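Below: the structure, in structure tokens.
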Amino acid sequence: MNKTLRQAVIAGNWKMNNTRVETKALVEELIPLVKDADCGVVVCVPFTNLETAVALTKGTNIKVGAQNCHFEKSGAFTGEISAAMLVEMGVEYVVLGHSERRQYFGETDVTVNKRLLAALEAGLKPILCVGEMLEDRENGITEELVALQTKIALKGVSKEALKNVIIAYEPVWAIGTGKTATAEQANEVCAVIRGVIAKLYDSDAANAMTIQYGGSMNAKNAEELVAQPDVDGGLIGGASLKAPDFKAIIDAASK
Ligand code: PGA
């Protein structure tokens, strides 16, 4: 697969970290550090910090993402945020189907698909997360499971709309655990996902698809991971909260 056909993207998933004051400090620290990046740079911040992050990054190469959105346009969904509300704020990306949402907040492949369709319709670029639990890997069903998650999440997505989707392969056992998948394991599953895209759409769509790896990616292991032929950058949790570490990962993806 030809890596030059697609852009590597390094996205920080801040999760439930940083107040507005801390957001301002971290984004201001990042702006000069990553200005020469030769890859896409995104920070996915808590809802309450989106406005701050969008204002600070205006005119820079840093894009802003949210960490979820609801599938309905409006209505009686206490605590939820619609895709249009994010777009109105100047948000470009949205993480969907993160394993923490699936594990702790009851999200399923079906609700992830609904959120993805709503996000695309509103003009957001979803970062769709898929990945297996340790038990699934031990049972030898990683490939089938990730393929299934991908297929269900993309149901109803046209080839044109797919251009706005990024997929992040995140083995659940590697998230926040310090246990990274080996570069071979990461590449293997990213290649499976690319194969699924080729079957669902065609090889052009598969070649153009940005497929990230996520799960304990850090300043030290990023270079080997992002150098893999089917790995197009990363979705970074812990290491995205420290500007020098996030910069080191961006530098690795810019090579
Ligand atoms: P981690 O998180 O880098 O802290 O493992 C990745 C993620 O959850 O997206």
Side-chain angles (χ1 to χ4, degrees), residues 8-18 22-23 26 30 34 39-47 49-50 53 62-69 91 93-105 107 112 115-116 119 124-134 136-137 142 145-146 149-150 153 165-183 185-187 189-190 193 210-226 228 231-253:
V9 175
I10 298 295
N13 174 13
W14 289 13
K15 311 193 180 187
M16 196 174 70
N17 291 294
N18 290 333
E22 288 161 346
T23 296
L26 181 51
L30 275 176
V34 308
C39 64
V41 179
V42 184
V43 290
C44 301
V45 307
F47 288 127
N49 301 335
L50 287 169
I62 303 178
K63 312 285 187 201
V64 175
Q67 298 171 15
N68 196 16
C69 72
V91 173
Y93 289 83
V94 62
V95 175
L96 291 175
H98 190 279
S99 63
E100 286 150 16
R101 301 287 327 166
R102 295 179 193 251
Q103 269 181 293
Y104 310 138
F105 303 100
E107 290 203 21
V112 172
R115 288 175 202 260
L116 188 112
L124 289 170
K125 297 175 180 161
I127 301 176
L128 162 68
C129 303
V130 294
E132 83 286 4
M133 314 272 275
L134 185 58
D136 304 319
R137 181 161 280 271
T142 297
L145 192 100
V146 170
Q149 289 175 338
T150 306
V165 179
I166 290 177
I167 297 180
Y169 164 55
E170 296 206 310
V172 181
W173 48 271
I175 295 177
T177 57
K179 261 200 212 168
T180 323
T182 64
Q185 286 172 326
N187 192 61
V189 184
C190 288
I193 296 169
T210 296
I211 305 179
Q212 303 171 318
Y213 167 77
S216 298
M217 195 190 275
N218 58 38
K220 288 207 178 91
N221 61 26
E223 190 163 347
E224 195 191 354
L225 287 160
V226 300
Q228 297 303 308
V231 178
D232 311 312
L235 182 57
I236 324 297
S240 72
L241 299 172
K242 291 190 199 111
D245 291 25
F246 195 52
K247 176 200 162 37
I249 298 169
I250 287 163
D251 287 348

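Residues take their numbers from the sequence shown, with the count starting at 1. None of these values were measured; they are calculated from a predicted model. Atoms within each ligand, like the ligands themselves, are counted from 1 in listed order.
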Return the set of residues passing salt bridge (charged side-chain N to carboxylate O under 4.0 Å, His left out) with [X] (not counting sequence neighbours), or none when no residue passes.
X: E107; answer: R101, R115
X: E224; answer: none
X: D136; answer: none

- Could you please spell out the steps behind the side chain to side chain donor-acceptor pair (under 3.5 Å) verdict for Q67 and W14? CA-CA 9 Å; Q67 298 171 15; W14 289 13; over 6 Å; no
- The protein residues that pass the under-4.0 Å heavy-atom test against ligand 1 are N13, K15, H98, E170, A174, I175, G176, G215, S216, L235, I236, G237, G238
- Note on the structure: P171 and G214 have their tightest heavy-atom pair at CD-O, 3.4 Å
- Note on the structure: Smallest heavy-atom separation, A53 atom then T23 atom, equals CB-CG2, 4.5 Å
